[in-house]
> 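Here it is, the structure, as C-alpha cells.
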2 protein chains.
Amino acid sequence: MATRTDAPTRREQILKEAARLFAERGFHGVGVDEIGAAVGISGPGLYRHFPGKDAMLAELLVGISDSLLTGAKLRLAEADGAAGSRAGAGATGPEAVLDSLIEGHIDFALDDRPLITLHDRELDRLRDADRKMVRQLQRQYVELWVGVLREVYPALAEPAARSAVHSVFGLLNSTPHLGRPGSVPGRAVTASLLHRMARGAFAAVGEA
Amino acid sequence: MATRTDAPTRREQILKEAARLFAERGFHGVGVDEIGAAVGISGPGLYRHFPGKDAMLAELLVGISDSLLTGAKLRLAEADGAAGSRAGAGATGPEAVLDSLIEGHIDFALDDRPLITLHDRELDRLRDADRKMVRQLQRQYVELWVGVLREVYPALAEPAARSAVHSVFGLLNSTPHLGRPGSVPGRAVTASLLHRMARGAFAAVGEA
DNA sequence: CCCTCAGGTTAACGACCGCTAACCTCCCTG
DNA sequence: CAGGGAGGTTAGCGGTCGTTAACCTGAGGG
C-alpha cells in the first residue's frame with residue numbers, strides 16, 4: 001500500500017523539491033518562490049496546496065517519522081509472525097529482527113537522503129503541536145529498537161541501550177556526508193559496510 | 001598555548017553565544033539582535049567586533065575544523081615521538097594512536113556540543129573562500145584518520161576506510177541527541193560507551 | 001451553453017533583518 | 001587636563017520574505 005507507480009501529484013512534487021531545498025540550504029534559507037520555481041509554478045501558487053511554508057516542513061517531518069516507525073513495526077510483526085507459524089524460532093531470532101531493522105533504516109537513509117537530513121536538523125522549526133507529534137513518533141521508534149537490542153544483548157542496561165541506539169542512528173544517518181551518490185562505492189557495498197559497522201558497534205557495547 | 005584561564009574577552013563571549021544560538025535555531029533563524037542580547041549588548045554593537053554576521057559563523061567553523069586537525073596532529077606526533085624515543089614501539093602502536101584520536105574527538109563532541117552541531121550543519125552558509133578552507137581542513141582531518149585506520153587494519157581499502165571514518169564521525173557526533181547534559185549517564189560513562197562503539201564499528205569493517 | 005471550480009497568475013502589503021549613520025561616554029595617555 | 005579611541009547607544013534605510021488579494025483560464029457537467 002506504500003508502493004506507487006502512477007505519476008506523482010503536484011503536492012508530492014512540491015514536497016519532494018521542498019525536502020531537497022530545505023536539506024541543502026536550511027528551512028529559513030529557502031524562499032517560497034524557490035520552491036515554486038522548482039516545480040514549475042511560481043511563489044504564491046503553492047498556497048493552493050499548502051496553508052503555508054511551515055505546513056510543508058511539518059508534513060515532511062511527520063511523514064518521515066511515521067514512515068520509519070511503521071516500517072519498523074511491520075518488520076517486527078513479520079518476524080513474530082514467522083516465529084509463531086514455525087512454533088519454534090530458528091532463523092528468526094532477535095538477531096534477525098535487529099538485522100531487519102538495520103536494513104530498513106539503511107534503505108531509508110540511502111534512498112531518501114534529504115529527508116534523513118531534515119529529520120534531525122529542522123525539528124525545532126516546527127509549531128509546538130507538530131514537534132510534539134514528531135518527537136513522540138521518534139521516541140516510539142527508538143524504544144522499539146531498544147527492546148529488540150536488549151533481546152539480543154540481555155546484559156545491556158536500558159539507558160546504555162538507548163544511547164547506543166541513538167549513536168547507531170548517527171552512524172547510519174551519516175550517508176549524506178559520504179560524497180554525492182555515484183562517487184565512492186556502489187549502493188550495495190555501502191549498505192553492507194554500514195550494516196556491518198552498526199552490528200559491530202552494538203556488539204562492542206553489548207558484549208561487555 | 002591553547003589553554004586559557006583568564007576571563008573571556010567580549011569577542012569570545014559573542015562567539016560562544018552565537019555558536020549556541022546558531023546550533024539551536026540555525027544560522028538564518030537567529031537575528032543579530034538576539035546574539036547581542038545574549039551577551040548584554042544590543043544589536044549593532046556587535047559590529048565593533050565583527051564585520052558581519054557571516055564573519056562570526058566563518059570564524060566558528062574555521063576554528064572548529066582547525067582545532068580538530070591541530071589536536072589530531074598533536075596526538076599523532078606524540079605517539080610517533082614516544083615510539084621513536086623508545087626505539088621499538090610497544091604500548092604506542094597504531095592501535096594506541098587510533099584510541100587517542102577517538103578520545104580526542106569524543107572530548108570535543110562532549111565539551112563543545114554546539115560547535116560539533118554547527119560543524120556539519122551550517123557549512124553551506126559560508127562564503128566560497130571560507131567554505132573552501134573549512135573543507136580543506138576537514139579533508140585533512142579525515143585523511144589523517146584514514147591513514148591511522150589503515151595501519152591498524154592493513155587489509156582495509158582506502159575508499160572503505162574513508163567511508164568508515166565518516167560513519168564513525170556520525171556516531172561520535174550524535175552526542176547532541178543523547179538528551180541534555182546531566183540526563184542519562186555521566187560524562188565518563190558516555191565517553192567510554194562511544195569509544196567502545198567506535199572501535200567495534202571499525203573492527204567490524206576492518207576484520208572482514 | 002453557461003457556470004463552477006481547481007489551479008494558476010501578478011501586485012502589493014507588512015514585518016523582519018542585516019547593516020550603516022550619527023552620536024554618546026568612559027578611560028587612558030602624553 | 002585636553003583629546004582620542006574603544007565600545008557602546010538609537011534611528012533608520014533597503015532589501016527580502018511569507019502571505020493575502022484580486023484576477024485569469026481552461027476543463028468538466030447539468
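Chain A is the first sequence line, chain B the second, and so forth, proteins listed ahead of strands; every chain is numbered from 1.
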> May I have the distance from Ile41(A) (atom CD1) to dT25(D) (atom C1'), rounded to whole angstrom?
15 Å
> Ignoring backbone atoms, test whether Arg48(B) places a side-chain nitrogen or oxygen under 4.0 Å from the OP1 or OP2 oxygen of dT9(D).
no
> Would you kindly give the NE2-to-C1' distance between His28(B) and dA15(C), to the nearest whole Å?
18 Å
> Is the side chain of Glu151(B) donor-acceptor paired with the backbone N or O of Pro94(B) at a distance under 3.5 Å, no angle test?
no
> Please give, in whole Å, the distance from dG7(D) P to Arg11(B) CZ?
11 Å
> Side chain of Tyr47(A): nearest nucleotide among dG8(C), dG8(D), dG18(D)?
dG18(D)
> Quick one: is Arg10(B) getting a side-chain N or O under 4.0 Å of the dG8(D) phosphate, OP1 or OP2?
yes
> Using atom NZ of Lys53(B) as one end and atom C1' of dG18(C) as the other, report the distance to the nearest whole Å.
8 Å
> Ignoring hydrogens and angles, tell me if any N or O in the side chain of Arg150(A) forms a donor-acceptor pair with the backbone of Leu156(A) under 3.5 Å.
yes
> Parallel, tilted or perpendicular for His105(A) and Tyr141(A), by the 30°/60° rule?
parallel
> Taking atom P of dG8(D) as reference, at what distance in whole Å does atom CZ of Phe50(B) sit?
12 Å
> Quick check: on DNA chain C, is the nucleotide nearest Pro44(B) upstream (toward 5') of the one nearest Gly45(A), or the reverse? Name the residue that is more 5'.
Gly45(A)
> Any sub-3.5 Å donor-acceptor pair from Thr70(A)'s side-chain atoms to Ser67(A)'s backbone N or O?
no
> Look at the side-chain N and O atoms of His49(B) and state whether any lies under 4.0 Å from the OP1 or OP2 oxygen of dG8(D).
yes
> What integer distance in Å separates Asp33(A):CG from dA12(C):C1'?
13 Å
> Which part of the nucleic acid does Val30(A) contact within heavy-atom distance under 4.0 Å: base, sugar-phosphate only, or nothing?
sugar-phosphate
> What's Gly43(B) touching, base or sugar-phosphate or nothing? Going by heavy atoms closer than 4.0 Å.
nothing
